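Because the structure is predicted, anything quoted here is derived from the model rather than measured.
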Number of protein chains: 2
Amino acid sequence: MGVSLKDVAQRAGVSIKTVSNVVNNYQHVTPAMRAKVQKAIDELGYRPNLTARHLRKGRTGIIALAVPEFGNPYFAELAGAVIDAAARHDYTVLVDHTAGLREKELLVSQGFRSHVIDGLILSPIHLETEDLMARTETAPLVLLGEREYEAPYEHIAIDNVAAARAAVRHLVAQGNRRIAFLGSRTGQERQPAHLRLRGWREELAAAGITPDESLVVVTDGYGREDGAAGMARLLDREDRPDAVFAYNDLIAIGAMRALTERGLRIPDDVAVVGFDDIEESRYTTTTLTTIAPDKDAIARLAVDSLVEQLSGRPVAEPRRPRPGYRLVVRESTTSRSDSGHTEDL
Amino acid sequence: MGVSLKDVAQRAGVSIKTVSNVVNNYQHVTPAMRAKVQKAIDELGYRPNLTARHLRKGRTGIIALAVPEFGNPYFAELAGAVIDAAARHDYTVLVDHTAGLREKELLVSQGFRSHVIDGLILSPIHLETEDLMARTETAPLVLLGEREYEAPYEHIAIDNVAAARAAVRHLVAQGNRRIAFLGSRTGQERQPAHLRLRGWREELAAAGITPDESLVVVTDGYGREDGAAGMARLLDREDRPDAVFAYNDLIAIGAMRALTERGLRIPDDVAVVGFDDIEESRYTTTTLTTIAPDKDAIARLAVDSLVEQLSGRPVAEPRRPRPGYRLVVRESTTSRSDSGHTEDL
DNA sequence: ATGAAAGCGCTAACAC
DNA sequence: GTGTTAGCGCTTTCAT
C-alpha cells in the first residue's frame with residue numbers, strides 16, 4: 001500500500017501529530033521541524049489519503065451535478081461553469097447525466113453515492129414534487145431549470161415567463177402575427193415547457209393576438225432532430241406560421257434546418273427565436289436570435305447556495321434567486337443590418 | 001451523524017458482522033435472520049457509508065475523466081459515452097476540464113485527488129512526454145487523443161494520419177487542388193495537430209500535388225471563432241484555396257461562417273471537411289463532411305483498459321488499441337444529390 | 001451461520 | 001510546540 005503518516009513520522013523521528021500539522025499547514029510549527037518533516041515527506045513521496053480524511057471529517061469536498069445530457073451544449077457549457085464556481089470554494093464536481101429519465105433523476109436525488117458527495121445540484125426534467133417530498137437523503141440539494149416544485153429546496157432559475165414574453169414581444173415587434181411554439185411535451189399543465197409556453201400565451205394576449213393553440217407543436221424530445229421534425233409537420237399544413245419561438249436553441253436549429261431544406265428563407269418567410277444562447281447559435285448560417293440566460297450567474301448561485309447550506313444555514317425558507325438573462329438579437333429575426341444588438345432584461 | 005452498522009446491529013439484536021453480511025448480500029445468512037436485519041435497516045433508514053468502505057478496501061469505484069473543455073461538443077459527447085461505459089463496470093465518473101492548460105493537465109495527471117480516484121482517463125493537449133515520465137502517482141492512467149507520447153501508458157486513438165488522408169483524398173477526388181489545412185498551432189513537430197497535418201502532407205504528395213505550406217494556417221485555439229478568423233485571413237490573400245481541411249468540426253464551422261459572410265458558396269467556391277462528427281455538423285445549413293471517430297468505441301476501450309489495470313494487469317507493454325472511424329460525406333464537399341453517404345474505413 | 005476484535009489513515013482532544 | 005490516544009464506519013480474519 002501507500003505511504004502513511006506513520007511512515008513519515010517514523011522516518012523523521014517525530015510523532016504522527018507533527019507530520020499532520022505540517023501537512024495541514026498548522027501555524028505553530030518551528031521552521032526547523034517543518035523542514036525536517038517536509039524532507040521525509042518528499043523522500044517517501046507521501047500523499048495524504050483523502051478517503052481517510054473524509055471519513056474522519058464527515059465531509060468529502062465533492063459535490064455532484066446531474067444534468068439531463070451532455071449532448072445539449074447548454075448543459076455542457078453550464079457544467080463547465082459549475083466546475084469553475086465549485087473550484088473557487090475548493091469543491092470538486094462529480095458530473096452525471098440522467099438522460100432526462102424520471103427513474104434516473106429519482107435515483108440521483110436519493111443520493112446515488114451516499115456519504116461520498118456533500119451536496120447535489122440537479123437539473124430535473126421529469127421529476128415530480130412528490131418525488132422530492134419523499135426524499136430521505138439528507139445531503140443538501142439545489143434545483144436548476146424551468147420545472148417548478150412545491151418542495152423545500154432552493155431553486156435557481158431565470159424568470160422563464162418574462163424571458164419567453166420578451167422573445168415573443170420581439171417577434172411581434174418585427175411584425176409577425178402567426179407565431180408558433182415549438183417544443184411542448186404534452187397538453188398537461190406541469191410539462192417541462194410550462195413556463196415558456198405561458199409566456200408565449202401571455203405576451204400574445206397582451207399584443208391583442210388570440211393564441212392559436214394549434215400552433216403549439218409537441219415534440220418527442222428537445223434535440224435538433226425533434227425541432228426539425230416538428231417544423232416539418234408545421235410546414236405540411238396549409239397556413240404556415242410567420243415565426244417560431246422554440247423551447248431551446250437545439251430545437252430552433254433543427255427548425256431552421258427544416259426551413260432551409262424546403263427552400264424557405266429566414267427570417268423573411270419564417271423568423272426563428274431560440275432559448276439558451278449556446279455558442280453554436282452565433283455560427284449558424286443564419287445566426288439565431290435567442291434568450292441568453294446568465295450561465296455563470298446560475299452556476300455561481302447554485303454553488304454558493306450549496307456551500308452555504310453545507311456551512312450550516314438552515315433551509316427552512318428556501319429562497320428563489322433570479323439570475324439574469326438577455327435577449328440577443330441576431331439574423332434569424334431581423335435583416336442583417338439590424339442584428340447583433342443585445343437587450344439586457 | 002448518520003445511522004451506522006452498529007446502530008442497526010443494536011436494534012436487530014445481532015452483531016455488526018451479521019448486518020454487514022446482509023448489506024453485502026453474503027451467501028450464508030438464514031432467511032429469517034436476513035429478514036430481521038432488513039427490518040432494522042428499513043426502520044432506521046440505514047445507508048452504508050461508502051467513504052468508510054473505501055478506506056477499508058483501498059478503492060473507491062470512482063474514475064476521473066479530464067478533457068480540455070466541455071465547450072467543444074466532441075468532448076461533451078465523449079464524456080457522456082465514458083460515463084455510460086463506466087457505469088457498466090459499476091464505476092462512477094468524476095469529470096474535470098483542463099482548459100487545455102499544460103499546468104492543469106500536469107496537476108490532473110499527478111492525481112489531484114489522491115486516493116479518491118482509482119484511475120484516470122486524460123485527453124491532453126499540451127502535456128509533454130517528460131511530464132508523463134516524471135509522474136509519481138501510481139493510479140493507472142489512460143491517454144486519449146491525437147498527441148503521441150514515448151511513455152508507458154495505454155493510449156487510445158484512431159489512426160489520425162490515415163483518417164486525415166481519407167479526408168484529403170476525398171477532397172482531391174472531388175477535383176480540388178489547392179487544399180488548405182486550418183488549425184495548426186505552430187511550426188513545431190510535436191504540436192497537437194501533428195498527425196492530421198502529416199496526413200494532409202502525405203496524401204497530397206501521393207496525389208502528385210506538392211503541399212503548399214503557405215496554406216497551413218495557424219489558429220489561436222480550436223474553437224469556432226478561431227476557424228472563422230483563420231479562414232478570413234486565408235481569404236484576404238489573392239490566391240484563395242478551393243478547399244479546406246480543418247483540424248476539427250468547430251474550426252470547420254467557423255470557417256464556413258466566414259465563407260458565408262463573404263458571400264462565397266460551399267462547396268462550389270470552397271469545399272470544407274471537418275473532423276469529429278459532432279451532432280452540430282449534421283444541422284449546419286450546408287451540412288459538414290467530416291471524419292467520424294467511433295466515440296463509443298473510444299470510451300469503451302479507455303474504460304475497459306482502466307478496469308483491466310485496476311484488476312491487476314501489468315502495463316509493462318502498453319497496447320495501442322485503434323478504434324474505428326468513418327468518412328461521412330455531406331453537403332460541404334458535394335452537390336446535394338451526392339451527399340449523405342458514409343465510408344467505413 | 002454468527003460473533004469478537006483488529007485496523008484501514010486520518011484528525012481532534014487533551015496532555016505535557 | 002509536540003506527543004498520545006481515541007475513534008470515524010466499515011470489512012476481514014479468526015473463533016465458535
Side-chain angles (χ1 to χ4, degrees), chain A residues 1-41 44-62 90 111 113-118 138-139, chain B residues 1-41 44-62 111 113-118 137-139:
Chain A
M1 274 304 295
V3 183
S4 76
L5 275 188
K6 200 163 75 177
D7 301 323
V8 178
Q10 208 154 21
R11 173 115 182 182
V14 299
S15 82
I16 288 184
K17 175 66 163 88
T18 304
V19 182
S20 174
N21 283 343
V22 172
V23 171
N24 293 289
N25 276 312
Y26 184 60
Q27 299 286 2
H28 311 287
V29 186
T30 54
M33 179 61 86
R34 184 179 297 277
K36 187 164 78 175
V37 172
Q38 188 61 51
K39 183 157 167 288
I41 288 178
L44 262 40
Y46 168 75
R47 306 281 309 278
N49 184 327
L50 296 187
T51 298
R53 188 179 289 173
H54 296 162
L55 174 58
R56 181 63 235 227
K57 301 188 106 166
R59 298 171 57 260
T60 62
I62 301 178
D90 290 321
R113 283 221 153 243
S114 61
H115 299 267
V116 357
I117 63 165
D118 291 342
T138 54
Chain B
M1 273 306 295
V3 183
S4 77
L5 274 187
K6 198 163 78 177
D7 301 323
V8 178
Q10 209 153 21
R11 173 114 184 183
V14 299
S15 83
I16 290 183
K17 173 67 163 83
T18 304
V19 182
S20 175
N21 282 343
V22 172
V23 171
N24 292 290
N25 276 311
Y26 184 62
Q27 299 286 1
H28 310 288
V29 186
T30 52
M33 179 61 84
R34 184 179 298 276
K36 185 165 77 175
V37 171
Q38 189 59 52
K39 181 156 169 289
I41 289 177
L44 262 40
Y46 168 75
R47 307 279 310 275
N49 184 327
L50 296 187
T51 299
R53 188 178 288 175
H54 296 162
L55 174 58
R56 182 63 233 231
K57 301 188 108 166
R59 299 172 57 257
T60 62
I62 300 177
R113 284 220 151 243
S114 61
H115 300 265
V116 358
I117 63 165
D118 290 344
E137 172 70 32
T138 53

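One interatomic measurement links the two molecules: NZ of B:K36 to P of C:dA1, which rounds to 16 Å at whole-angstrom precision. Put simply, NE2 on B:H54 is 13 Å from C1' on C:dC8, counting in whole angstrom units. Counting to the nearest Å, the C1' atom of D:dT2 and the CD atom of A:Q27 are 16 Å from each other. A:N49 places its CG atom 17 Å from the P atom of D:dC10, with the value rounded to the nearest Å. With rounding to whole Å, A:K57 atom NZ is found 8 Å from C:dT11 atom C1'. Look at CZ on A:R53: it is 21 Å from P on D:dC10, rounded to the nearest Å. Across the protein-nucleic acid pair, A:R59 atom CZ and C:dA12 atom C1' stand 15 Å apart, rounded to whole Å. B:L5 places its CG atom 9 Å from the C1' atom of D:dT11, with the value rounded to the nearest Å.
Residue B:N21 has no polar side-chain atom (N or O) positioned under 4.0 Å from OP1 or OP2 of C:dT2. Dashed line: the shortest gap from a side-chain N or O of B:Y46 to OP1 or OP2 of D:dC10 is under 4.0 Å. Phosphate contact (OP1/OP2 of C:dT2, side-chain N/O of B:T30, threshold under 4.0 Å): present.
B:S114 is linked by a side chain to side chain donor-acceptor pair (under 3.5 Å) to nothing, counting only residues two or more places apart in sequence or in another chain.
Note that the two end axes of the helix from C:dA1-D:dT16 to C:dC16-D:dG1 enclose an angle of 30°, each drawn from 5 base pairs, rounded to 10 degrees.
Using a 4.0 Å heavy-atom criterion, one finds that A:R56 contacts the bases of the nucleic acid, with or without backbone contacts as well.
Take the nearest nucleotide of DNA chain C for B:M33 and for B:L55: the residue whose nucleotide is more 5' is B:M33. The residue among B:A52 and B:Y26 whose nearest nucleotide of DNA chain C is located toward the 5' end is B:Y26.
For the segment residues 7-20 of chain A, residues with any heavy atom less than 4.0 angstrom from an atom of DNA chain C are, sorted by number, A:I16, A:K17, A:S20.
Put simply, the side chain of A:L5 reaches to within 4.5 Å of the side chain of A:S20, judged on heavy atoms. At a threshold of 4.5 Å between non-hydrogen side-chain atoms, the residues B:N24 and B:R53 count as touching. In this structure, B:L50 and B:H54 have side chains that are in contact, with non-hydrogen atoms separated by less than 4.5 Å.
A donor-acceptor distance shorter than 3.5 angstrom exists from the side chain of A:R47 to the backbone of B:G111, with no hydrogens or angles considered. A donor-acceptor contact shorter than 3.5 Å links the side chain of B:T60 to the backbone of B:V116.
Comparing atom distances between the B:H28 side chain and each of D:dT11, C:dT11, C:dA1 picks out C:dA1 as nearest.
Heavy-atom minimum distance, B:G61 versus A:R113: O-NH2, 3.6 Å.
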Start with the C-alpha gap between B:R34 and B:N25, add the side-chain angles, then the distance that decides, and say whether side-chain contact (heavy atoms from CB on, under 4.5 Å) holds. CA-CA 9 Å; B:R34 184 179 298 276; B:N25 276 311; 3.7 Å; yes

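We find the NZ-CD1 distance between B:K36 and B:I41 to be 13.0 Å, quoted to the nearest 0.5 Å.
None of A:V23, A:V14, A:V29 except one satisfies the side-chain contact (heavy atoms from CB on, under 4.5 Å) rule with A:V37; the exception is A:V14.
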